[in-house]
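Heads up: the structure comes next, in structure tokens.
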Amino acid sequence: MEYLSLIPATALGYLASRTLTHPTSRIRKKMPNIKTKRVQVFPVLRIKVFGRVIHLHHWIYFSIILLVSFFVSLGVMDYIVTKGVLLGTIIHGLTLPKKHRKIIYKNHSLEKVISFDKEAV
């Protein structure tokens, strides 16, 4: 019976991820950029190394957190609702077009990293 809460939690995670992570989202535009010269930690995780940008997408680190939650008891991570929200964010990230799931970019211009084609939107 507890697993019935997985479906709405997954939908909530998907919708929240879609709203918060899209570069043109009003909410995302209001989020502060926390970064140093080579590392940006908020709202996205990017590391500039040797003229390249390594972008760790939300679905990558949420996948790791979800995987760890199956093996380690971490308090709130034991709840099926939390796992559903994580699953929803992972599904959102994997439903993006393949070119938007790149992890390493050659050009470290942030405009090119977060730009979307008008056809893809």
How long is the gap from [atom1] on [X] to [atom2] on [Y], to the nearest 0.5 Å?
X	Y	atom1	atom2	result
L86	I91	CG	CD1	11.0 Å
R38	F50	CZ	CZ	8.0 Å
H55	K102	NE2	NZ	12.5 Å
I7	L12	CD1	CG	14.0 Å
S69	L67	OG	CG	8.0 Å
Q40	N33	CD	CG	5.0 Å

Considering non-hydrogen atoms only, spot the tightest contact between [X] and [Y] and give its length.
X	Y	result
W59	T89	CB-O, 4.2 Å
H22	R28	O-CB, 3.6 Å
R101	L96	NE-O, 3.2 Å
S25	T19	OG-O, 2.6 Å
P8	S5	CD-O, 3.5 Å
P43	P32	CD-O, 3.6 Å

Considering only heavy atoms from C-beta outward, does the side chain of [X] approach that of [Y] to under 4.5 Å?
X	Y	value
K83	L66	yes
T95	R18	no
R46	K35	no

Using the rule that Ile, Leu, Val, Met, Phe, Trp and Tyr join whenever any side-chain heavy atoms are under 4.5 Å apart, tell me whether [X] and [Y] fall into a single cluster.
X	Y	value
V39	M31	yes
I27	L45	yes
I34	V53	no
V44	F42	no
F62	M77	yes

> Does a donor on one side chain sit under 3.5 Å from an acceptor on the other, for H57 and H100?
Replying inline: no

